[in-house]
Amino acid sequence: MGSAFYVTTPIYYVNSEAHVGTAYTTIAADVLARYNRACGRRVFFLTGSDEHGMKMVRAAKDKGLTPEQLVDTLVPKYVELWKHLNISNDNFIRTTDPLHARTVQALFGKLIEKGDIYKGTYRGWYCTPCERYVPQGAATPPPCPVCNRPAEHLEEENYFFRMSKYRDRLLALFEERKDFVRPESRRNEVLNRVREGLEDVSVTRSTFEWGVRMPGDEKHVVWVWFDALINYLSGAGYPHDMAKFAERWPADVHLIAKDILWFHSVIWPSMLMAADIEPPRSIFAHGWWTMNAAKISKSAGNCIYPMDITAQFGVDALRFFLLREVPFGGDGDFTHSAFLGRFNNDLGNDLGNLVLRTITMAEKYFGGIAPAPGVSGTQDDALVNTAKNLEDSVAGHLKNLQFSHALEAIWQLVRAANRYVEECKPWVLAKNEAEKPRLATVIYNLLQSTRICAAYLSPFMPGTCEEILWQIGYEKPVSVRLPLDATWGQYQSGLRLRKGRPLFPRVEA
Ligand code: MSP
């Protein structure tokens, strides 16, 4: 079961256009998908859109549209943005897809059969912008713990899911699999809440119609979260393509932000247990991108749009910045100066410079053909060791979803290669014919270091790395195999180099 690497993003509410926060999770998932594909694994990468619920009804009304019109206008924009950002998802699931609706009804039906659904009345608080139930607090109305808006009072006939029944099994799952929820601090938060007790949850709504009809009681639509979580099954083939589904499920990792962890780590596994389906292997909750410490969000109106950044800096600079700047799991403030610093220093001065100077010297000293190595020197050891250590460190960091650490490790090689140039001084070697064999080694080592960096960077910056590999002699489309293509000594001498434009020309503040 589940031999493919299956990675998901949340399915996003398509009430307005995607911003950098939304792009963040999607890019992170894309890096994992691309890395695993490069390592030779079969991969299934799912993203999509969450289209039902009162939030969408209201968003449509505000724009003078029907919910159908709203989602049909916005979904193509998401699809287009993911294409623009070079996202390599294998499927895009829409909750308005009839195939998804059937899966929701099938699962709901299973829970009814199990005796885990019962009729009742929900009397309490709800935050429609966040589509979450809000507990009664000291204040009335209580503020939503995520967005701080006052919650609305609901009193309506609902069906409830007997989630409390699964508390012990959930606790056992958390105990057995310490990395079921990552990072650990978040795991502990959830675990403590579950230990305090687990209530049943209302899973239908009867006051509006924009949703999947509940099987057996057409007056109700399925609660938007119950509907949405099931995308991870319907999008992977359940139950319409069980052979594919068996290859994919359980998901290796659901990537989400911290605000939707409860839904994923408690409600979702309980639903799966009730339906006799294995829980996912893990859930990783990252932090928030903020602006002046406030969460970047559609409703707060402080959005930064990916295309505004990529128009000036390119797609890969955004992909790089988001994953390099903040350790995955923590929050981070998105500032122009931090972005510019990474762009000019890491990408321009370090990586761009390495590629440009290496090819320029190879052209000048070897007529643009990659030389075969000649004589080794004492300066080589540090470079070789850094390159050889990279395989383990990148693999280790990506296993833990520590993208920034993986990039930091790759940058150790980028910087070591730039240092190597300063230490070996090819321009001095070039003056002495007797040093030609040594010069050949230096240039060869720089070319192969460049190749190794590009191979490991390709999941993060696919477009740039294809360009780098093309410049050092490979044909497009370049497909990277890891770790083979990043093995010291694998670079082929004799390749014809193609000097290109500087990859990241400096941008002044
Ligand atoms: N539709 C639900 C998810 C259902 S999944 C079964 C939802 N949608 S959302 O449009 O609000 O997207 C939430 C997700 O977008 C977060 O989990 C996170 O992945 C991403 N982000 C939205 N804003 C973000 C930041 N400011 N920072 C980081 N990630 C952000 O919740």
Side-chain angles (χ1 to χ4, degrees), residues 7-30 46-56 59 71 74-75 77-78 81-82 87 92-96 100 103-104 107 127-132 144 146-147 186 211-212 222-236 251 253-269 271-272 280 283-306 321-323 325-334 401 403:
V7 55
T8 68
T9 73
I11 49 170
Y12 304 106
Y13 293 124
V14 283
N15 56 327
S16 61
E17 287 181 41
H19 55 78
V20 288
T22 334
Y24 183 44
T25 322
T26 316
I27 292 170
D30 187 56
L46 181 68
T47 187
S49 49
D50 193 352
E51 305 184 17
H52 289 136
M54 196 55 187
K55 175 189 176 90
M56 299 300 292
V71 298
L74 281 164
V75 167
K77 297 195 176 186
Y78 276 74
L81 177 65
W82 300 150
I87 302 301
F92 185 100
I93 181 82
R94 296 184 59 170
T95 53
T96 50
H100 169 78
T103 307
V104 172
L107 211 94
C127 176
T128 300
C130 297
E131 294 285 12
R132 62 171 63 224
C144 167
V146 173
C147 72
R186 304 238 175 268
V212 176
V222 174
W223 178 42
V224 62
W225 266 102
F226 193 96
D227 168 358
L229 287 161
I230 293 172
N231 92 86
Y232 301 130
L233 300 180
S234 63
V253 54
H254 291 317
L255 288 185
I256 56 167
K258 60 186 181 182
D259 48 319
I260 58 174
L261 181 57
W262 181 259
F263 302 96
H264 282 80
S265 62
V266 176
I267 300 181
W268 180 225
M271 285 164 63
L272 290 166
I283 297 147
F284 195 107
H286 62 66
W288 285 340
W289 279 101
T290 58
M291 197 136 116
N292 303 320
K295 182 189 176 201
I296 291 179
S297 73
K298 300 161 202 167
S299 36
N302 59 356
C303 288
I304 300 172
Y305 293 101
F321 175 77
L322 290 176
L323 293 181
E325 185 64 8
V326 177
F328 208 58
D331 291 345
D333 221 42
F334 197 111
L401 281 77
F403 302 99

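Atoms within each ligand, like the ligands themselves, are counted from 1 in listed order. Since this is a predicted model, take the numbers as computed values, not measurements.
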Quiz item: Is it the side chain (CB and beyond), the backbone, both or neither of Glu131 that lies under 4.0 Å from ligand 1, heavy atoms counted?
Solution: neither
Quiz prompt | atom 22 (C) of ligand 1 - nearest protein heavy atom and its distance | solution = His19 CE1, 3.8 Å
Quiz item: Which heavy-atom pair separates Val326 from Gly330 by the least distance, and what is that distance?
Solution: CG1-O, 3.6 Å
Quiz item: When the ring planes of Trp82 and Tyr78 are compared, do they come out parallel, tilted or perpendicular, using 30° and 60° as the limits?
Solution: perpendicular
Quiz item: In terms of atom number and element, which parts of ligand 1 are under 4.0 angstrom from non-hydrogen atoms of His264?
Solution: 5 (S), 6 (C)
Practice problem: Could you tell me whether Phe263 approaches ligand 1 through its side chain, its backbone, both or neither, with non-hydrogen atoms closer than 4.0 Å? | Solution: neither
Exercise. Answer yes or no for His286: is there a heavy-atom contact with ligand 1 below 4.0 Å?
Key: yes
Quiz prompt | Backbone or side-chain N or O of Tyr232 under 3.5 Å from ligand 1 N or O | solution = no
Quiz item: CH2/Trp289 to SG/Cys303 distance, rounded to the nearest 0.5 angstrom?
Solution: 14.5 Å
Exercise. Could you tell me which atoms of ligand 1, counted from 1 in the order shown, lie closer than 4.0 angstrom to a heavy atom of Ala228?
Key: 6 (C)
Exercise. List every atom of ligand 1 that sits less than 4.0 Å from any heavy atom of Gly287, numbering the atoms from 1 in the order shown and giving each element.
Key: 28 (C)
Practice problem: Could you list which atoms of ligand 1 come closer than 4.0 Å to a heavy atom of Trp288? | Solution: 27 (N), 28 (C)
Exercise. Flag the pair Lys77 / Val14 as yes when at least one side-chain heavy-atom distance between them is below 4.5 Å, and no otherwise.
Key: no
Quiz item: Is the closest heavy-atom distance from Trp268 to ligand 1 below 4.0 Å?
Solution: no
Quiz item: If you measure every N/O of Asp259 against every N/O of ligand 1, is any gap under 3.5 Å?
Solution: no
Quiz item: Which residue and non-hydrogen atom of the protein lie closest to atom 3 (C) of ligand 1, and at what distance in Å?
Solution: Ile11 O, 3.2 Å
Quiz item: Which atoms of ligand 1 are found less than 4.0 Å from any heavy atom of Lys298?
Solution: 10 (O)
Quiz item: To the nearest 0.1 Å, how far is atom 26 (N) of ligand 1 from its closest protein heavy atom, and which atom is that?
Solution: Ile296 O, 2.8 Å
Quiz item: Where is the nearest protein heavy atom to atom 14 (C) of ligand 1: which residue, which atom, and how far?
Solution: Tyr12 CE2, 3.8 Å
Quiz item: Looking at atom 17 (O) of ligand 1, what's its closest protein heavy atom, distance included?
Solution: Ala257 N, 3.0 Å
Quiz item: Do Tyr12 side-chain atoms and Ala18 backbone N/O form a donor-acceptor pair below 3.5 Å?
Solution: no
Practice problem: Mind checking salt bridge (Lys or Arg N to Asp or Glu O under 4.0 Å) for Asp227 and listing every partner two or more places apart, or none if nothing turns up? | Solution: none
Exercise. Answer yes or no: does an N/O atom from Trp225 fall short of 3.5 Å to an N/O atom of ligand 1?
Key: no
Quiz item: Does Lys55 come within less than 4.0 Å of Glu131, counting only side-chain N to carboxylate O?
Solution: no
Practice problem: Identify, for atom 19 (O) of ligand 1, the protein heavy atom at the shortest distance, and state residue, atom and that distance. | Solution: Thr25 OG1, 2.5 Å
Quiz item: Considering the options Phe334, Phe403, Tyr24, which one meets the ring pair (Phe, Tyr, Trp, His ring centres under 6.0 Å) requirement together with Phe321?
Solution: Phe334
Quiz item: Can Thr8 and His254 be said to form a side-chain hydrogen bond (donor to acceptor under 3.5 Å, both in side chains), step by step?
Solution: CA-CA 5 Å; Thr8 68; His254 291 317; 2.8 Å; yes
Quiz item: To the nearest 0.1 Å, how far is atom 24 (C) of ligand 1 from its closest protein heavy atom, and which atom is that?
Solution: Gly21 CA, 3.5 Å
Quiz item: Who's the nearest protein heavy-atom neighbour of atom 11 (O) of ligand 1, and how far?
Solution: Tyr13 CD1, 3.4 Å
Quiz item: Given Thr9, which of Thr25, Asp30, Thr47 fulfils the side-chain hydrogen bond (donor to acceptor under 3.5 Å, both in side chains) condition?
Solution: Thr47
Quiz item: Is the ring centre of Phe328 less than 6.0 Å from the ring centre of Phe284?
Solution: yes
Practice problem: Below 4.0 angstrom from a heavy atom of Asp50, which ligand 1 atoms are there? Numbered from 1 as shown, please. | Solution: 1 (N), 2 (C), 4 (C)
Exercise. Report yes or no: does Cys130 have a heavy atom closer than 4.0 Å to ligand 1?
Key: no
Quiz item: Got a sec, which pairs hit salt bridge (Lys or Arg N to Asp or Glu O under 4.0 Å) with one end in residues 256-266, sequence neighbours left out?
Solution: Lys258-Asp331, Asp259-Lys295
Quiz item: Do Tyr232 and His264 make the cut of ring centroids closer than 6.0 angstrom?
Solution: yes
